[in-house]
Amino acid sequence: METYFLDLHVHIGKDSQGRPVKITASPQLTLPNILKECLEKKGIDLVGVVDCGTYGVLADLEEMLLKGELLALKKGGWRYRDKITLFAGMELETIEKEGGRAHYLCFFPHLDKLKDFSHYIWTKVKNKFLSSQVCYLTAVQLLKEVEKRDGLFIPAHVFTPYKSLYGNCAVSLKDVFGREANKIKVIELGLSADRKMALLLPELRDKFFLANSDAHSLDNIGREYNQVAIDSPTFKGLMDLFAGKSGKLIANYGLDPQLGKYHRSFCQRCNCSLLAKPPQLFCSKCGTSEQFVIGVLDRIVSVAEKQVNEKNVDTVEGTYLYQVPLKFLPGIGKVTLEKLLAEFGTEMRVLHQVSFEDLAKVVGAKLAALIIKSRQGTLKIIPGGGGIYGKIDQS
C-alpha cells in the first residue's frame, strides 16, 4: 500500500478557449497547468479539480484524453504522466427551503458518469460555462443525483460564514439531509477550521475529515492537503478509504485556523476582530449583531451548544498537523521559492524532508528556521477574521 499527498479542491480560472470558469480564480488555472504544477512544483500526487463539469473544461478533459495526455483508469480517475491522478468533479451551490445556501463537491469515476451528470446539471444552472453555480436543488436532491451515477459527495468548507452547511444552513446534518444524513461520510473542514474544532460537534466524530486547498491560484494548490495510504491511486481506492474498507488517513496538513480569514467574529462597523472567549455573536464594543461576520470558531462553539452530546469518543483516524505553506512565510517571495524548488524539487519535499542544514545553505539560517517551525507547527499567529487572513507574528 503506497502513500500519497491528496488535495481534492482545486479550481479552474479559464478553459482552453479563454472563457472564464471560476470568476474569482486566476486565468493561469487551466487543467494542463494544474496537472503540471502538481507534478513539477507542488508534489501533490492526487488532485481533485472541481470545475470539470462545466462545458469548456469538460471539452478540455476529452481533448486531453484523445491526445493521450491523460489515461482513463479502469478503477476510476485519470492518470497524468503515470505520476498524478486527476479526480474530476463539480462544486455546486444548493438552496434549502429555509433559504440557506451551501457548497458541495461532486466527483465521478468515469467520463460517461461525469458527462451524464454535467448534462443534467446544465438544465439546473443559468450558465453551463461557469463554476460553483446555484443549481436550484436542495442538498438531498443533489446527493441523490450524485449517488445515481456512482459518485462521491462531500460537503465543502462546512464552517465558513457564507455558503456552507453549518455556517449558513443548519446546526445539524439531519436538519439538511434528514434520513439521508448517515450517507455523509466525508467532511471538508475549510481553511478556518481544524480537526479539534470539528470534534466539538458530536455528530462529526465518526466522519472522515479532509483538509483541501480550495485553490484559486496555482500558488495555493496544496496550501492544505492530506497524506493517505490507499490500495491504488484510483477513484475506487479513494472510495474504499472513505468507506473504511481499506487504506488509512495518515494526516491532514492544514493552516493554523487562526490564519483563516473567517476564524474569529469580526465587526465591520468597528473594523476589529472579537477575540474574547467564543462564541462572540455580537460586538462587545458597539453592541451590534448587524454588519457582523460570525467567525468559524464562534459558529462551531455556538452549534456545539445546541447539539445533544450523544458521542464522546473521537473515532476519526489520522492526525491534524498545522503547517504554513512556503508562500505564507515572511521573506519567502517568488525568487526565494523558485530557488528552493530548483534545489530540492517540490514544495512537499521542502516542507517534509529537507534538513535545517540543507535549507540554510540555500536560504540562510533565519528562513530555514521559519520553515522548520512551520513543519513543527510552532509559529505564532495573529488571528484572521471578517475576510482578512491571519498573519505570522514576527515580534
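Reckoned from all heavy atoms, side chains included, excluding hydrogens, waters and symmetry mates. The structure displayed is predicted, hence computed values, not measured ones.
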What's the separation between atom [atom1] in [X] and atom [atom2] in [Y], rounded to the nearest 0.5 Å?
{"X": "R223", "Y": "H216", "atom1": "CZ", "atom2": "NE2", "answer": "8.0 Å"}
{"X": "L329", "Y": "I392", "atom1": "CG", "atom2": "CD1", "answer": "6.0 Å"}
{"X": "Q141", "Y": "K144", "atom1": "CD", "atom2": "NZ", "answer": "8.0 Å"}
{"X": "F235", "Y": "W78", "atom1": "CZ", "atom2": "CH2", "answer": "8.5 Å"}
{"X": "L337", "Y": "L326", "atom1": "CG", "atom2": "CG", "answer": "6.0 Å"}

Minimal non-hydrogen separation, [X] against [Y], with atom names:
{"X": "R299", "Y": "A170", "result": "NH2-O, 3.3 Å"}
{"X": "C52", "Y": "L114", "result": "O-CD2, 4.0 Å"}
{"X": "I300", "Y": "L200", "result": "CG2-CD1, 3.9 Å"}
{"X": "C38", "Y": "I221", "result": "SG-CG2, 4.0 Å"}
{"X": "L191", "Y": "N212", "result": "CD2-O, 3.9 Å"}
{"X": "Q280", "Y": "D298", "result": "N-OD1, 2.7 Å"}

What pairs meet the salt bridge (charged side-chain N to carboxylate O under 4.0 Å, His left out) rule with one or both residues in residues 45-54, with sequence neighbours excluded?
none
Among V171, T160, D175, L204, the one residue meeting side-chain contact (heavy atoms from CB on, under 4.5 Å) with Y166
L204
For [Y], does its backbone N or O pair with a side-chain atom of [X] as donor and acceptor, under 3.5 Å?
{"X": "R349", "Y": "L341", "answer": "no"}
{"X": "K327", "Y": "G333", "answer": "no"}
{"X": "D194", "Y": "M197", "answer": "yes"}
{"X": "N252", "Y": "N226", "answer": "no"}
{"X": "S374", "Y": "V324", "answer": "yes"}
{"X": "E188", "Y": "H157", "answer": "yes"}
{"X": "S265", "Y": "G295", "answer": "yes"}
{"X": "R269", "Y": "Q291", "answer": "no"}
{"X": "R375", "Y": "V350", "answer": "yes"}
{"X": "D7", "Y": "Y225", "answer": "no"}

Group every Ile, Leu, Val, Met, Phe, Trp and Tyr by side-chain heavy-atom contacts under 4.5 Å, then state whether [X] and [Y] land in the same group.
{"X": "L275", "Y": "V296", "result": "no"}
{"X": "V158", "Y": "I95", "result": "no"}
{"X": "Y162", "Y": "L297", "result": "yes"}
{"X": "L367", "Y": "F356", "result": "yes"}

Do [X] and [Y] pair up side chain to side chain, a donor and an acceptor below 3.5 Å, judged on atom types alone?
{"X": "D231", "Y": "S246", "value": "yes"}
{"X": "E96", "Y": "T138", "value": "no"}
{"X": "Q258", "Y": "H263", "value": "no"}
{"X": "H9", "Y": "E224", "value": "no"}
{"X": "E203", "Y": "S172", "value": "yes"}
{"X": "S273", "Y": "R264", "value": "no"}

Using the side-chain contact (heavy atoms from CB on, under 4.5 Å) rule, take R101 and V134 through it: C-alpha gap first, then chi angles, then the decisive distance, then the call.
CA-CA 9 Å; R101 300 187 177 201; V134 180; 3.4 Å; yes
Which ILVMFWY residues can you reach from L274 by hopping between side chains whose heavy atoms are under 4.5 Å apart?
L281, F292, I294
So which residues get pulled into L130's cluster when ILVMFWY side chains under 4.5 Å apart are joined, directly or through others?
I23
Do E180 and K183 sit within salt-bridge range, that is, some charged N less than 4.0 Å from a carboxylate O?
yes
Report the relative orientation of the aromatic rings in Y253 and H352; use parallel for angles under 30°, tilted for 30 to 60°, perpendicular for over 60°.
perpendicular
Using 30° and 60° as the class boundaries, would you call the ring planes of Y104 and F153 parallel, tilted or perpendicular?
parallel
Assert yes or no for the condition that the ring centre distance of F107 to F87 is strictly below 6.0 Å.
no
Please step through side-chain contact (heavy atoms from CB on, under 4.5 Å) for the pair E93 and S132, ending with a clear verdict.
CA-CA 6 Å; E93 183 176 322; S132 306; 6.0 Å; no
Would the number of heavy atoms belonging to other residues, nucleotides or ligands and lying under 6.0 Å from OH of Y55 be above 12?
no
Take atom CZ of F282 as the centre, draw a 6.0 Å sphere, and report whether it contains more than 12 heavy atoms from other residues, nucleotides or ligands.
no
Could you walk me through whether V354 and L340 pass side-chain contact (heavy atoms from CB on, under 4.5 Å), step by step?
CA-CA 10 Å; V354 183; L340 284 165; over 6 Å; no
Indicate yes or no: at least one non-hydrogen side-chain atom of T346 is less than 4.5 angstrom from one of F5.
no
Does NZ or CZ of R149 fall inside the cone over Y120's six-membered ring, less than 6.0 Å from its centre and within 45° of the axis?
yes
Sorted by chain and residue number, the salt bridge (Lys or Arg N to Asp or Glu O under 4.0 Å) partners of R81 (sequence neighbours excluded) come out as E40
Tell me which donor-acceptor pairs under 3.5 Å the side chains of residues 62-76 have, and how far apart each pair is, sequence neighbours excluded?
{"residue": "E62", "atom": "OE2", "partner": "K115", "partner atom": "NZ", "Å": "3.1"}

Please list all pairs passing the side chain to side chain donor-acceptor pair (under 3.5 Å) test where one or both residues lie in residues 330-345, with sequence neighbours left out.
K41-E338
Decide yes or no on side-chain contact (heavy atoms from CB on, under 4.5 Å) for F159 and S192, but give the supporting numbers first.
CA-CA 8 Å; F159 302 114; S192 294; over 6 Å; no
